[in-house]
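This report refers to the structure that appears directly beneath it.
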Amino acid sequence: MLEGPTIRDKLLRASKIKTEKRLADVLTRDKRSAFSGSASWQGKLLSGGTTLNSLTPRRWLRQSHHDAIALAPGQRLIEVFRQGDMAGRLLIMGEPGSGRTTALLELVRDLLTVAATDEQAPVPLMVELSSWTDERQALGQWLGDRLWVDYSLSRQQSRELMATHQILPVLDGLDELEPMRQQSCFAQLNQLWPEDEPDRQGIVCGYSPELDLPGAKLTKLNRTVELRPLLAAQIQAYLAEMVCPDLWAKIQASPELRQLATKPLMLALMPVALAHRPAQTQAELFTAYVQARFDGYEQERGQLPYSREQTLNYLGWLARQMRAQHQTVLLIEGIQPTWLRNQRHQRAYRRMVGLMAGGVVGLLTGMVFGWIVGQAVGLIVGLLAGLIFGLIYGPLFGRIFGPLFGLARIRPVERLRFSFSDFPMHILYREIQRGPVVGLAIGRFIGITLGLILGLILLLVLGLAGLLAGPIFGLTLGLMVIWIFQLLLAPIIGPMVGLVVGLVIGLVVAAKTDITTRNRPNQGIWVSAQNALFSAVLGLGIAALLYVSLGWLLPLIGVEAGWVNAIIGAAIALTLSLCTLIGGGLACIQHLALRWVLWRRGVIPWNYARFLRHGADLQLLRQTGGEFRFFHDLLRSHIAANLP
């Protein structure tokens, strides 16, 4: 029997896809940015007539107690990475815009090639250091959390792979941390690679002024590749390659531009930004670049799908949110309720979740009662129950039960490959013990809801007479139902409800991890919707068992036939609701409610994926599969600080 791919194989494939897509995007976008200033740029792009070697920064190697030496032009960083007594531990240092990302991605690509042929070589996985926000959390523990988010690895799997040296963590974005947190990060990084584990490899990429001070701050990374500014000869060679000789005169005449041109990023933007607009500072250069992108889009494609003002407003809000959330990469499904800074907007989000969850429960209840007591009656009961649940219990669900159900965070359910061997039995035991308490709560809810429904029906049917008879009769009946259901639901249905909850949650928790590669925007939510439908089918199977079991059990303990269908209907409706919500439906409801609140605020368009793709077409954003990031972190910072 052939064995399937291992976790290592899947990680290798996922990392390779992500790295190649991102590297291809960076190289292609940088070429296009550069050639846009030249009349012949389209032909060069199509023919692949240049590799922009003139934009490659000078690379110097620094080692502990040794003078820095210049690396030979064209020398690959993997050669440096694998040499010396501290092979496998490297710091890539350079100021923002110096070409660090390209150098890092090329190194990771070479390491992936090695790992594909050598099973003993660790798999390099890139992780953004900017998301390390809690200094009290050990960096190793944080790394496990990030591997779960970015690569769908469980924390246990992450620990095992790290302990056996099968993962090579590639930590990018050191300069995205505040100076105070950089100090704590240095200490944590030194602990991540202890001296007694020389086989544990790692790469750190970023810049900090502290690294230039005497005495190495990262003592366990004593090999540093430093990217140095471009020389005047390199700048001239690049401009000649771009057929922009007049631009050199502008750069020479301005000390500010001459300094900016030593950074490959800023030099690549100059043919575009300075073609029709003057600029002296970095902020002016970015402003000119953004406007040039709008101009180029209109010349090539015609009318903009979003006005310049709309686009800049949306991008300004996004840049500030990503800065506040310490994110450099955006996944649409990764937008969280914490992006709502206003208490009023948070309340609106919770109400929306409650209303939609109530609608789901009401619709499923209607289907169940329609099947048991007749379709017309069941539909009316279900719709009324859903309406009352949404209007009355929805806000309470969001406010009181929000922390219990995790409404403060949206967790898409992207994998439902169940593994009974990994089933967490403690969850099942816990839910069965809590069953009687749940049964009491459900009994009260059903009694109050049924009483209100009957009261409303009497008000509608009896007219003015119902103004008195309806509430009295409804309240009386509701109290009777509460009393009867307490006697039945707590000792009988309660443990059964706990069994259902434990089974459903346990199966979702025990779902086998499958490495996720996000190939399209908002993939997590779309997959969650599919899994919610699958979970509803699973719920039907569990509901069928409940139907048979309760239909046989209840008459044996003396429950009258008239109550049997009602109790069975309540249990089945609850089962279907739990399976649908836990299996992915709740994540979809949360995401839809959050997007609705943000859209009503006017900070995002309704079709957010379409807008983000438009930002990538403008070359203000980059798209890698389902991930989006700004063209460069410096551009993101500029937009966050200068746009409304």
Side-chain angles (χ1 to χ4, degrees), residues 22 26 30 57-60 62 68 77 89-108 126-135 137 139 142-143 146 150 169-190 192-193 202-221 223-230 259-260 262-269 281-283 285-286 319-330 622 629-642:
R22 188 175 172 191
V26 167
D30 288 350
R58 296 175 297 144
R59 299 174 178 180
W60 287 67
R62 297 196 315 194
L77 291 185
R89 300 182 181 183
L90 182 66
L91 169 66
I92 301 177
M93 189 175 71
E95 294 186 9
S98 62
R100 289 184 332 222
T101 299
T102 303
L104 181 64
L105 289 170
E106 289 175 344
L107 173 58
V108 172
M126 291 187 65
V127 182
E128 298 288 343
L129 265 174
S130 59
S131 60
W132 183 62
T133 57
D134 187 358
E135 298 181 16
Q137 184 182 28
L139 206 60
W142 163 83
L143 186 59
R146 292 311 308 175
D150 296 342
V170 181
L171 307 179
D172 191 17
L174 180 63
D175 46 319
E176 289 290 323
L177 300 174
E178 292 88 353
M180 293 299 296
R181 284 199 294 132
Q182 285 181 5
Q183 293 289 338
S184 301
C185 187
F186 291 155
Q188 293 274 5
L189 287 170
N190 288 328
L192 195 60
W193 294 291
I203 300 172
V204 178
C205 183
Y207 175 77
S208 172
E210 297 290 334
L211 296 173
D212 287 328
L213 297 178
K217 297 295 182 180
L218 296 177
T219 57
K220 303 303 186 295
L221 301 174
R223 298 174 66 82
T224 301
V225 171
E226 180 184 354
L227 306 183
R228 295 192 176 181
L230 298 174
Q259 179 65 30
L260 289 173
T262 61
K263 297 181 179 180
L265 170 69
M266 308 310 297
L267 180 60
L269 299 185
T281 65
Q282 179 172 294
L285 192 64
F286 276 130
R320 287 188 294 276
Q321 287 297 323
M322 292 181 69
R323 181 178 61 185
Q325 301 297 326
H326 305 284
Q327 292 181 208
T328 58
V329 180
L330 172 69
R622 300 184 190 272
R629 65 182 72 227
F630 277 85
F631 183 83
H632 195 276
D633 293 337
L634 289 176
L635 178 61
R636 187 195 72 226
S637 299
H638 169 78
I639 290 176
N642 295 281

Using the side chain to side chain contact (heavy atoms under 4.5 Å, CB included) rule, take Leu91 and Arg62 through it: C-alpha gap first, then chi angles, then the decisive distance, then the call. CA-CA 10 Å; Leu91 169 66; Arg62 297 196 315 194; over 6 Å; no
Distance-only, no hydrogens or angles: does the Thr102 side chain make a donor-acceptor pair with backbone N or O of Gly99 under 3.5 Å? no
Counting neighbours of CD on Gln259 that are heavy atoms of other residues, nucleotides or ligands and sit closer than 6.0 Å, is the number greater than 12? no
So do Thr328 and Asp172 actually touch side chain to side chain, heavy atoms under 4.5 Å? no
Intermediate values then yes/no, side chain to side chain contact (heavy atoms under 4.5 Å, CB included), Phe286 and Leu269: CA-CA 8 Å; Phe286 276 130; Leu269 299 185; 3.7 Å; yes
Salt bridge or not for Glu106 and Arg59, using N-O below 4.0 Å? yes
What's the verdict on side chain to side chain contact (heavy atoms under 4.5 Å, CB included) for Trp132 and Ser184, showing C-alpha distance, side-chain angles and the deciding distance? CA-CA 11 Å; Trp132 183 62; Ser184 301; 4.0 Å; yes
Does Asp633 pair with Arg100 as a salt bridge, N-O distance under 4.0 Å? no
Side-chain heavy atoms of Val170 within contact of Cys205, under 4.5 Å: no
What are the two closest non-hydrogen atoms of Pro169 and Trp193, and how far apart are they? CG-CZ2, 4.3 Å
Whether Arg622 engages the ring of Phe631 as a cation-pi pair (distance to the six-membered ring centre under 6.0 angstrom, angle to the ring normal within 45°) should be assessed. yes
Side chain to side chain contact (heavy atoms under 4.5 Å, CB included) for Leu635 and Leu265? Distances and angles first, verdict last. CA-CA 10 Å; Leu635 178 61; Leu265 170 69; over 6 Å; no
Given Ile92, which of Leu77, Val204, Leu174 fulfils the side-chain contact (heavy atoms from CB on, under 4.5 Å) condition? Leu77
Exam field: side chain Arg228 to backbone Pro57, donor-acceptor pair closer than 3.5 Å: no
Considering all heavy atoms of both residues, which atom of Gly97 and which atom of Leu634 are nearest to each other, and what is their separation? N-CD1, 4.2 Å
Any sub-3.5 Å donor-acceptor pair from Glu226's side-chain atoms to Trp60's backbone N or O? no
Distance from Leu107 atom CG to Ile203 atom CD1, nearest 0.5 Å? 4.0 Å
Distance in Å, Arg146 CZ paired with Met126 CE, rounded so as to fall on 0.5 Å steps: 13.0 Å
Quick check: does any side chain N or O of Trp142 sit under 3.5 Å from a backbone N or O of Leu129, one acting as donor and the other as acceptor? no
